[in-house]
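Quick note on labels: first sequence line is chain A, next is B, and so on, each numbered from 1.
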2 protein chains.
Amino acid sequence: MELELIKSKLHESNFRLTQEREVVLTTFMNSGQMLTPAQLHDCVKKEYNSVGLTTVYRLIEVLTKLGLATPFLIDGEIYYTFCSDHHHHHFVCLDCHKVKDIYECLEMTHKYDDVGTVNYHRMDLYGHCKNCERKNINVKSLEP
Amino acid sequence: MELELIKSKLHESNFRLTQEREVVLTTFMNSGQMLTPAQLHDCVKKEYNSVGLTTVYRLIEVLTKLGLATPFLIDGEIYYTFCSDHHHHHFVCLDCHKVKDIYECLEMTHKYDDVGTVNYHRMDLYGHCKNCERKNINVKSLEP
DNA sequence: CATGTTAAAGAAAATCATTTTCTATAATGC
DNA sequence: GCATTATAGAAAATGATTTTCTTTAACATG
Ligand SMILES: [Mn+2]
Ligand SMILES: [Mn+2]
Ligand SMILES: [Zn+2]
Ligand SMILES: [Zn+2]
């Protein structure tokens, strides 16, 4: 999903397209991983300097409301990842925190009619991405 | 899952079975819903009085480590529900916060080998339980 | 391209959930 | 019982997030 499309979505909802938002949004989208607000703030500071942490919090709030950011609760910490607003699932690497979208959905929702009305569902897979797998093998091979 | 089994699990891990823990644990298990630590504390106070909030926090921490409590992130709040430690999925009612276990699992994990190694997954269904569905229909029928 | 309107930025302060500290108590094993 | 040690609970500390307030800049309008 490209920046221009997101910008038009913000625009549609009467949010202004400030320079700060564009900077944070670009960093967030390009990271490909889940980040805490503080981590995102750090990433932004590396490239551009001085965007307030408050501004980062506020953008994450806006994106979450619009369905463009998804929160993950890992070990008591809340992380966010940028997301398109079409339904999909996620694979999260527990090492590097990279997130991969999984667009296959078994649409199993209807199978659970007996519990009540299912409005939506989410499925998260947790593990280790191929990149980190490789690294971990190399680390192990160095052990005594 | 009955109380005695949980108690033996705690015991195995060298946790002491205090009166306070038994009280909080019983309340937690019987609630059938997800609760914030503060909400659980309130529930406990209704029946027995005076168990410290700190104690509630500590029990939730212990249970989570043992895989006997599952956290849910709903609208920025972290809720916990008591859980058996066998893999299963959940249906959460967005009205009353009751949680239903779903023991069917499609074991689809292997299908996603291409993203990396999947250690575990979770699937959560969100909606409205039959009880709340009924209530909501009644409420609607009262509208002008 | 002014200009008025208003959302948003940022700094500082406030809030509030959670954790830590410390002492007294009670659970456990012998 | 008795010694050992984890835990309860009160109070304080911490720290993430939110709120407040003033200044700035985005946007619509003509
Ligand atoms: Mn996504
Ligand atoms: Mn469960
Ligand atoms: Zn990885
Ligand atoms: Zn319900």
Side-chain angles (χ1 to χ4, degrees), chain A residues 3-4 6-28 34-45 47-66 68-69 71-80, chain B residues 3-4 6-28 34-45 47-66 68-80 97:
Chain A
L3 187 62
E4 292 312 310
I6 307 300
K7 281 162 85 172
S8 66
K9 278 180 194 272
L10 284 173
H11 199 253
E12 279 169 25
S13 303
N14 285 333
F15 292 111
R16 291 187 183 173
L17 306 176
T18 64
Q19 295 185 312
E20 290 83 358
R21 280 184 176 165
E22 179 149 353
V23 165
V24 177
L25 195 49
T26 302
T27 307
F28 193 33
M34 58 177 192
L35 297 164
T36 62
Q39 286 173 340
L40 178 52
H41 184 233
D42 286 341
C43 290
V44 170
K45 276 194 293 189
E47 302 187 39
Y48 320 81
N49 64 338
S50 95
V51 169
L53 178 55
T54 310
T55 298
V56 173
Y57 270 101
R58 285 193 274 233
L59 180 64
I60 288 176
E61 187 187 16
V62 167
L63 293 177
T64 302
K65 274 185 189 156
L66 295 179
L68 294 171
F72 288 88
L73 183 60
I74 312 279
D75 206 38
E77 292 269 312
I78 301 177
Y79 296 83
Y80 296 85
Chain B
L3 186 60
E4 293 311 310
I6 307 301
K7 281 162 85 172
S8 66
K9 278 181 195 272
L10 284 172
H11 199 254
E12 279 169 25
S13 303
N14 286 333
F15 292 111
R16 291 187 182 174
L17 306 176
T18 64
Q19 295 185 312
E20 290 83 359
R21 280 185 176 164
E22 180 149 352
V23 163
V24 177
L25 195 48
T26 302
T27 307
F28 194 32
M34 59 177 192
L35 297 164
T36 62
Q39 287 173 339
L40 178 52
H41 185 233
D42 286 342
C43 289
V44 169
K45 277 194 291 189
E47 302 188 36
Y48 320 80
N49 64 338
S50 92
V51 169
L53 178 56
T54 310
T55 299
V56 172
Y57 270 102
R58 284 194 275 234
L59 180 64
I60 287 175
E61 187 188 15
V62 167
L63 292 177
T64 302
K65 274 185 189 159
L66 295 178
L68 295 170
T70 302
F72 288 87
L73 183 60
I74 312 278
D75 207 38
E77 293 268 314
I78 302 178
Y79 296 83
Y80 296 86
H97 291 185

Query raised in the report: What distance separates B:I78 CD1 from A:I78 CD1, expressed to the nearest 0.5 Å?
Result: 4.5 Å

Query - A:H41 NE2 to C:dA9 C1', straight-line distance once rounded to whole Å - result: 12 Å

Query raised in the report: Do A:E12 and A:K9 sit within salt-bridge range, that is, some charged N less than 4.0 Å from a carboxylate O?
Result: no

Requested in this report: Working to the nearest 0.5 Å, report the span between CD1 of B:I60 and OG1 of B:T36.
Outcome: 8.0 Å

Query raised in the report: When the distance from CD of B:E77 to P of C:dC16 is rounded to whole Å, what number comes out?
Result: 12 Å

Query raised in the report: Whole-Å distance between C:dA17 P and B:Q39 CD?
Result: 11 Å

Query raised in the report: What nucleic acid atoms does B:S50 come within less than 4.0 Å of, heavy atoms only: base, sugar-phosphate, or nothing?
Result: sugar-phosphate

Report task. Quick one: label A:T54 by what it contacts on the DNA or RNA (base, sugar-phosphate, nothing), any heavy atom closer than 4.0 Å. Result -> base

Report task. Determine the minimum heavy-atom distance between B:P37 and B:V56, stating which atoms define it. Result -> O-CG1, 3.6 Å

Query - Separation of C:dT18 C1' from B:Y79 OH (nearest whole Å) - result: 17 Å

Requested in this report: For B:R16 and for B:L53, locate the closest nucleotide of DNA chain D by heavy-atom distance; then report the residue assigned to the nucleotide nearer the 5' terminus.
Outcome: B:R16

Query raised in the report: Using rotation axes that map the C1' atoms of four end pairs onto the next four (five pairs an end), what angle separates the end axes of the helix from C:dC1-D:dG30 to C:dC30-D:dG1, to 10°?
Result: 60°

Query raised in the report: Taking the side chain of A:T18 as heavy atoms from C-beta outward, which of C:dA27, C:dA17, C:dA8 is closest to it?
Result: C:dA8

Requested in this report: Measure the spacing between CZ of B:R21 and CZ of B:R58 and express it to the nearest 0.5 Å.
Outcome: 8.5 Å

Requested in this report: Would you mind telling me which residue lines up with the more 5' stretch of DNA chain C, B:Q19 or B:E61, judged by nearest nucleotide?
Outcome: B:E61

**Report entry** Gap between atoms CG and C1', on A:L25 and C:dA8 respectively (whole Å)
**Finding:** 15 Å

Report summary line: d(B:L53 CG, B:K45 NZ) to nearest 0.5 Å is 8.0 Å

Query raised in the report: If you measure from OG1 on B:T70 to CE on B:M34, what distance do you get to the nearest 0.5 Å?
Result: 12.0 Å

Query raised in the report: In whole angstroms, how far is the C1' atom of C:dA26 from the CD atom of B:E20?
Result: 9 Å

Query raised in the report: Whole-Å distance between C:dG10 C1' and A:L59 CG?
Result: 15 Å

Requested in this report: For the pair B:F72 and B:H97, evaluate side-chain contact (heavy atoms from CB on, under 4.5 Å) and give the outcome as yes or no after the intermediate values.
Outcome: CA-CA 11 Å; B:F72 288 87; B:H97 291 185; over 6 Å; no

Report summary line: Rounded to whole Å, CD1 of B:I78 lies from P of C:dA17 at a distance of 12 Å

Query raised in the report: Does the side-chain contact (heavy atoms from CB on, under 4.5 Å) test come out yes or no for A:L59 and A:F28, once each step is laid out?
Result: CA-CA 10 Å; A:L59 180 64; A:F28 193 33; 5.8 Å; no

Report task. For B:H11, report the nucleic acid contact type (base, sugar-phosphate, nothing); a contact means any heavy atom under 4.0 Å. Result -> sugar-phosphate

Query raised in the report: Which two nucleotides bound the region of DNA chain D that has atoms under 4.0 Å from heavy atoms of chain A, read 5' to 3'?
Result: D:dA16 to D:dA28

Report task. Look at all strands and tell whether B:R58 reaches a base, only sugar-phosphate, or nothing, counting heavy atoms closer than 4.0 Å. Result -> base

Query raised in the report: Roughly how far, to the nearest 0.5 Å, is OG1 of B:T18 from CG of B:L10?
Result: 9.0 Å

